[in-house]
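Working notes, beginning with the structure itself.
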Amino acid sequence: MCGIFGIISQQPKNLIKKTLEGLKILEYRGYDSAGIAYNHNKKLNIIKSVGDINELSNKINTQPQIKACIGHTRWATNGAVTTTNSHPHTSFNDEIAVVHNGIIENYQECCDYLNQNNIKLKTPVDTEIIPNILYILRHNKHNIHNFLKGQYVFCSIKLNENKLFLAKKGNLPLYIGKDNNTYYISSDTLALPLTVTHVITLENLDTCEIIGQKLTFYNNTSPITREWKPFNQTFIASDKQGYSTYMEKEINEIPQIATRIMSEYQNTKNIVHIKQKFRNLLKNVKCIHLCGCGTSYHAALLLAKIYEKELKIRTIAHISSELTPTTLLNEPSLAIVISQSGETADTLACMDIIQHHHIPIIALCNVLTSTIAKRSQITFPLLCGPEIAVASTKVFYAAVLVGCLLVQDYDPNIYNKTIQMTQQTLQHARHILPLPPEKPKKIFIIGKGLAYVLALESALKIKEVTYLHCEGYPANELKHGPLSMVDNTTLAIAFGDDTANAVTEIQARGGKVINIPINFENPLAFISQIIPAQIFALDLALSLGLNPDKPRNLAKSVTVL
Ligand code: F6R
């Protein structure tokens, strides 16, 4: 969460504009406030604003010729959302400015240390200690990791010096990209311009100073070299392909993703090879642990039900942050972690526990350069391309589909029918689940078995983008408590015919019900039955005047515990 973008260039043209463009792409990481810092007219200029990058851009009316600029888009963790609390934060004497992602865990200890040095902080934000400690360290700044505890990445710039200094501790991503005469610093390779040809990924405990064309790396205070890796940017962020939101574009990509996944998981040599390797691992396993957060947890829940039935192996789905060492028994086990971003801190922490038990970890992940992908023995790609909307849609579909294809090869007929049915469900989604004439006060979504998990995921999607209270519930459980909440302001969405009893109970209390028939005959096509609820959430958010791509309080890549 939080996006860092920086540029240092021999060509001092449009650097602020380019920084803002980079930040705009990183906005999915947090968008409650933003800011930039650069040297001009012998001054370290800081411009900050509450709101998204457009708000910041509105405050910038000059494009001076500068050689370096750093920028930040924030998702507040400590300190309210105010202009003062947004990044960059500066040292007490305004000499050093820092943009930062992560949490400084020994904040209080650092504050005490700064106090002893007569340095008073201006904000409650942990970031502010970094420029001040850098000031104290001066020529020993590569020593910074010995002072700061926690997981963080940051980038700093100093008054009258067109150098950038970067540091990373822990798992958070930070990349340096280069083209002819410019270096770009970014929290995500997605934000690197099309001209970038090579990339360096910062490693745990790295620091790096960039002066002109020269990069000097240290790891844990020892000099080190880092290799440039070839890079080819294929992502064009501004391209919503005619859709008004990324969420709509991404839902509409699902049939094409289904086709791609089915083809590649049958035909691509490397994927077929790792699929076989996975199946071999399964042969000796007594228990499978599936882990994920939010939507990825729902994908895990669906796959757990499918695996138990298909493989006859005990399979447990865990919310990543709820897995404890005692959950893992001393028996031959396999763990499968599911993550769109590959950077989710709760899932990474859960991987620490699993690794400690020497259980092999397989990842289903959409970002192959991510930390989760790198830390897993085998990573199965979800082949969705970048997912920008905060609410995960196409990747949920892909994770469940890939999960199914790992354990079984299907008749070609089933593949064709799945693609056909996915296309049809998308086409008729608004007919299957129409918007109600009036805004409901509360929504219940009910189902049984696999449909119950679809209900959970539908409810998450709706509450995420509409801010309405919405709950997914097992159909028969409604009468054991939540039925007390049902009245004539309730909308219920019932997945499948086997919810009939609950439906009549809701109707008897004045609730309105929309039935969605669910077809589980085709073992793969059922996944697409999440699409009407995804589109319902999107349309309801738009009808309420909300931006479904950027729900309040949320960010796409949750890199804090
Ligand atoms: C919901 C959503 C979140 C994520 C969760 C895990 O639409 O996007 O619930 O699914 O934060 O993120 P990943 O999959 O990146 O680990």
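Read the numbers this way: they start at 1 and go in the same order the structure lists the ligands and their atoms. All figures in this text were calculated on a predicted structure; none of them were measured in a lab.
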Lys/Arg N to Asp/Glu carboxylate O, [X] vs [Y], below 4.0 Å:
{"X": "Lys24", "Y": "Glu27", "value": "yes"}
{"X": "Glu253", "Y": "Lys249", "value": "yes"}
{"X": "Lys556", "Y": "Glu387", "value": "yes"}
{"X": "Glu248", "Y": "Arg430", "value": "yes"}

Suppose we measure from [atom] to each protein heavy atom; which comes out shortest, and what is that distance?
{"atom": "atom 10 (O) of ligand 1", "answer": "Thr295 N, 3.1 Å"}
{"atom": "atom 11 (O) of ligand 1", "answer": "Val558 CG2, 3.9 Å"}
{"atom": "atom 8 (O) of ligand 1", "answer": "Val390 O, 3.2 Å"}
{"atom": "atom 2 (C) of ligand 1", "answer": "Glu464 OE2, 3.7 Å"}
{"atom": "atom 12 (O) of ligand 1", "answer": "Thr344 OG1, 3.4 Å"}
{"atom": "atom 5 (C) of ligand 1", "answer": "Cys293 O, 3.5 Å"}

Inset, instruction - Could you tell me the separation between the NZ atom of Lys394 and the CG atom of Leu383, rounded to the nearest 0.5 Å? - result: 11.0 Å
Inset, instruction - With rounding to the nearest 0.5 Å, note down the distance linking CG in Leu148 to CD1 in Ile103. - result: 13.5 Å
Inset, instruction - Could you tell me if any non-hydrogen atom of Glu343 lies under 4.0 Å from any atom of ligand 1? - result: no
Inset, instruction - Assess Val395 for proximity to ligand 1: is some non-hydrogen atom of it under 4.0 Å away? - result: no
Under a 4.0 angstrom heavy-atom cut-off, which atoms of ligand 1 come close to [X]?
{"X": "Ser296", "result": "10 (O), 13 (P), 14 (O)"}
{"X": "Lys461", "result": "1 (C), 7 (O)"}
{"X": "Gln340", "result": "13 (P), 14 (O), 15 (O), 16 (O)"}
{"X": "Gly294", "result": "9 (O)"}

Is there a polar contact between ligand 1 and [X], counting only N or O atoms under 3.5 Å apart?
{"X": "Lys556", "answer": "no"}
{"X": "Gly342", "answer": "no"}
{"X": "Thr347", "answer": "no"}

Under a 3.5 Å distance rule, please check whether [X] uses its side chain to pair with a backbone N or O of [Y] as donor and acceptor.
{"X": "Lys448", "Y": "Phe495", "answer": "no"}
{"X": "Glu471", "Y": "Ala459", "answer": "no"}
{"X": "Lys275", "Y": "Tyr265", "answer": "yes"}
{"X": "Asn522", "Y": "Ala525", "answer": "yes"}

